[in-house]
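This report concerns only the one structure given below.
The shown structure was predicted, so the numbers you read here are calculated from the model rather than taken from an experiment. When a ligand or atom number is given, it counts from 1 through the structure's own listing order.
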Amino acid sequence: YPWQTIKEYKEILFQQYNGIGRISINRPEKHNAFTPLTVQEMSEAMELARQNPEIGVIVLSGEGGRAFCSGGDQSVRGHGGYVGEDTVPRLNVLDLQMQIRRIPKPVVAMVAGWAIGGGHVLHVVCDLTIAAENARFGQTGPNVGSFDGGFGASYLARIVGQKKAREIWYLCDQYDAQDALQMGLVNKVVPLEQLEETTVAWCQKILEKSPMALRMLKSAFNAELDGQAGIQELAGNATLLYYLSDEAKEGKNAFLEKRKPDFSKYPKFP
Ligand code: 2NE
């Protein structure tokens with residue numbers, strides 16, 4: 001596909017094609033492990049994708065065909081987090097997870113090869129996952145002195161169930177694409193050579209749908225799980241819809257025209 005670069009980065013690719021924004025980790029020599037810079041770049045690209053009205057769906061992937069992402073780069077893990085050039089330890093991938101969850105556009109993980117550790121959690125928080133037959137999934141935290149007790153545990157358990165989520169974390173086993181499909185961890189499995197075309201086809205189907213309906217659905221799915229923060233997100237979308245109405249505009253116009261608002265003509269629905 002003729003992906004076009006939106007912006008050049010050091011550790012990721014950020015491209016678009018036909019309404020699809022693609023953010024791809026570009027560190028194949030490390031199985032696309034992320035550093036603080038990788039995450040900072042992904043985070044900026046995600047925000048640019050959010051603001052770009054031409055982009056309706058985002059694909060998250062890893063370059064090279066052998067890994068989606070192998071989690072935090074252990075060679076830059078320091079005292080208290082992953083350390084970048086500024087020598088500050090960070091766990092900024094947790095902010096990126098929140099961004100993926102909050103962006104009001106569907107995010108699709110396109111997984112070839114390893115989705116391990118913090119890389120596994122990244123696909124977990126995406127709306128949908130399409131996996132190649134060579135995909136391998138798992139958590140490694142308890143092996144390498146780490147854990148993700150946030151979405152990596154609780155949202156994973158919502159997807160695969162409590163027993164399976166505990167197995168995944170306590171045993172740190174690896175699961176193939178068919179295992180993942182069986183436990184509802186991925187939406188579809190395809191041969192590696194069909195991964196991109198299948199993902200693009202799914203995205204194009206999504207792009208034909210009503211963007212407002214997709215936005216409302218994403219926040220509604222989140223609201224059921226995210227408590228007050230989830231309700232805040234859903235309610236924000238309700239406010240957006242209300243602002244689009246003549247009824248809400250009457251209130252604003254009356255204020256600006258220094259008159260009493262006249263809401264009498266707006267229906268009081270049963
Ligand atoms: C993914 C896995 C199982 C693949 O194994 P294999 O044998 O196919 O590849 P290999 O040889 O291990 O990896 C290829 C190269 O990539 C590097 C390796 O060190 C190796 O480099 P060279 O020896 O050729 O120089 N590499 C792979 N993953 C890396 C990583 N995460 N950091 C740094 N270098 C990495 C196997 O590679 C594996 O088990 N990788 C480690 C997975 C892991 O434990 N990730 C961190 C989990 S913790 C986390 O991500 C996290 C969190 O828990 C909470 C918050 C934030 C992050």
Sub-4.0 Å protein heavy atom next to atom 7 (O) of ligand 1: no
Residue portion contacting ligand 1 (non-hydrogen atoms closer than 4.0 Å) for Asn143: neither
Taking atom 12 (O) of ligand 1 as the reference point, the nearest protein heavy atom with its distance: His31 CD2, 4.8 Å
Donor-acceptor pair, side chain of Asn26 and main chain of Glu63, under 3.5 angstrom: no
Short side-chain donor-acceptor distance under 3.5 Å, Ser43 and Gln99: yes
Closest protein heavy atom (residue, atom, distance) for atom 15 (C) of ligand 1: Glu29 O, 3.5 Å
Side-chain ion pair, Lys10 and Glu41, N-O less than 4.0 Å: no
Verify atom 36 (C) of ligand 1: protein non-hydrogen atom under 4.0 angstrom away: no
Which residue and heavy atom of the protein sit nearest atom 57 (C) of ligand 1, plus the separation: Tyr82 OH, 3.6 Å
Rounded distance [0.5 Å steps], CD in Gln40 versus CZ in Phe34: 14.0 Å
Contact with ligand 1 for Arg136, non-hydrogen, under 4.0 angstrom: no
Atom 52 (C) of ligand 1 - nearest protein heavy atom and its distance: Ser146 OG, 3.1 Å
Contact summary for Arg101 and Asn222, nearest pair of heavy atoms: O-ND2, 2.8 Å
Contact partition for Ser70 relative to ligand 1, non-hydrogen atoms under 4.0 Å: both
Protein contact for atom 39 (O) of ligand 1 (heavy atom, distance under 4.0 Å): no
Ligand 1 contact on Asp73 by region, counting heavy-atom pairs under 4.0 Å: both
Under 4.0 Å to a heavy atom of Gly71 - the qualifying atoms of ligand 1, by number: 50 (O)
Distance-only side-chain donor-acceptor flag, Glu208 / Gln204, under 3.5 Å: no
Salt bridge flag under 4.0 Å for residues Glu167 and Lys164: yes
Closest protein heavy atom to atom 3 (C) of ligand 1, given as residue, atom name and distance to 0.1 Å: Gln174 NE2, 3.6 Å
Closest to atom 55 (C) of ligand 1 (judged by heavy-atom distance), picking from Ile116, Leu91, Asp148: Leu91
Any protein heavy atom < 4.0 Å from atom 20 (C) of ligand 1: no
Subset of ligand 1 atoms that lie under 4.0 Å from at least one heavy atom of Val93: 56 (C)
Protein heavy atom at shortest distance from atom 46 (C) of ligand 1: Gln74 NE2, 3.2 Å
Ala33 neighbourhood, listing ligand 1 atoms whose heavy-atom distance to it stays under 4.0 Å: 30 (C), 31 (N), 32 (N)
For atom 47 (C) of ligand 1, the protein heavy atom that lies nearest, with its residue and separation: Thr140 OG1, 3.1 Å
Ser245 side chain to Leu241 backbone, donor-acceptor under 3.5 Å: no
Side chain Glu11, main chain Arg27, donor-acceptor under 3.5 Å: no
Nearest-0.5 Å distance that lies between atom NZ in Lys188 and atom OG1 in Thr199: 10.5 Å
Check: Asp127 side chain, Val108 main-chain N or O, donor-acceptor pair, under 3.5 Å: no
Gly72-ligand 1 polar pair, N/O distance under 3.5 Å: yes
Lys NZ or Arg CZ of Arg22 over Tyr1 ring: under 6.0 Å, within 45°: no
Test item: side-chain donor near acceptor, Thr35 and Lys30, under 3.5 Å: no
Top protein contact for atom 26 (N) of ligand 1, by heavy-atom distance: Lys30 O, 3.8 Å
Contact check: Gly118 vs ligand 1, nitrogen or oxygen atoms, below 3.5 angstrom: yes
